[in-house]
Amino acid sequence: MSTPQLKNPIKGPGLKAPGVVVLQFLLILFFETIEYKFTKVGLFTGIAIVVAYVGGIKLGRKGTTFTTVVNPPLAFFVASVFLISTIGGVGIHIGRLGLDLMSTLAGVAPFLVTCAIVGWLYFFASEAKNKRASRATR
């Protein structure tokens with residue numbers, strides 16, 4: 001028996017850079033909102049960040065790797081500010097907002113740092129591979 005091959009769920013070449021940004025932002029916002037309602041932000045949001053990186057690489061077109069690597073920390077920051085100032089009920093108080101941002105960041109920092117390192121290594125490796133391939137075709 002052969003194992004079934006997984007098909008790419010997106011028909012065509014994949015998501016463009018804006019599609020990757022929206023996908024990652026909504027995924028992180030969704031899990032962060034759910035986790036923020038019940039507990040402090042941490043494990044589930046971290047797993048969502050990992051899935052956002054992998055999903056961006058898997059579902060994005062060729063050339064969207066840079067966007068995939070750069071966006072999740074920015075999406076996490078924007079989602080955190082939005083959640084803390086609206087759902088958290090804090091409003092825009094600079095002292096409290098900064099304290100809440102730091103505690104939120106502390107919960108997912110290992111995921112952000114690990115994914116950023118692996119993502120940038122993947123980006124540089126793919127760029128080096130593309131340069132070697134372009135030199136070989138000359």
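Across all non-hydrogen atoms, the minimal contact from Thr64 to Gly56 is OG1-O, 4.5 Å. When all heavy atoms are compared, the tightest approach of Ala17 to Thr67 is CB-OG1, 3.7 Å. Closest approach of Val78 to Phe25, counting heavy atoms only: CG1-CE1, 3.9 Å. Summarising the geometry of Glu35 relative to Leu43, their closest heavy-atom pair is OE2-N, 3.3 Å, with the distance given to 0.1 Å. When every heavy atom of Glu32 is checked against every heavy atom of Val41, the shortest pair comes out as CG-CG2, 3.9 Å. When all heavy atoms of Ala79 and Leu29 are compared, the closest pair comes out as CB-CD1, 3.8 Å.
Residues Ile47 and Phe30 fall within the same hydrophobic cluster, defined by Ile, Leu, Val, Met, Phe, Trp and Tyr side chains chained together at heavy-atom separations under 4.5 Å. Linking ILVMFWY residues whenever their side-chain heavy atoms come closer than 4.5 Å, directly or via other members, places Tyr36 and Val81 in the same cluster. Hydrophobic clustering (side-chain heavy atoms under 4.5 Å, transitive across Ile, Leu, Val, Met, Phe, Trp, Tyr) groups Val50 together with Phe31.
Side-chain atoms of Arg61 come within 3.5 Å of backbone N or O of Gly14 as a donor-acceptor pair. Between the side chain of Gln24 and the main chain of Ala75, no donor-acceptor pair closer than 3.5 Å is present.
Side-chain contact check for Ser103 versus Lys40: some heavy-atom pair is nearer than 4.5 Å. Proximity of Pro72 to Ile28: side-chain heavy atoms (C-beta onward) are separated by under 4.5 Å at one or more points. Between Phe76 and Thr104 the shortest side-chain heavy-atom distance falls below 4.5 Å.
Considering CD1 of Ile34 and OG1 of Thr39, their distance stands at 11.0 Å, rounded to 0.5 Å. From Leu23, atom CG reaches atom OG1 of Thr68 across 9.0 Å, with rounding to the nearest 0.5 Å. One distance of note links CZ of Phe44 with CD1 of Ile49; it measures 14.0 Å at 0.5 Å rounding.
Heavy-atom contacts from other residues, nucleotides or ligands closer than 6.0 Å to CZ of Phe77 number 12 or fewer.
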Would you be so kind as to tabulate the donor-acceptor pairs closer than 3.5 Å made by side chains of residues 106-128, with sequence neighbours excluded?
unit_1 : atom_1 : unit_2 : atom_2 : d
Thr114 : OG1    : Pro110 : O      : 2.7
Ser126 : OG     : Tyr122 : O      : 3.2
Ser126 : OG     : Phe123 : O      : 2.9

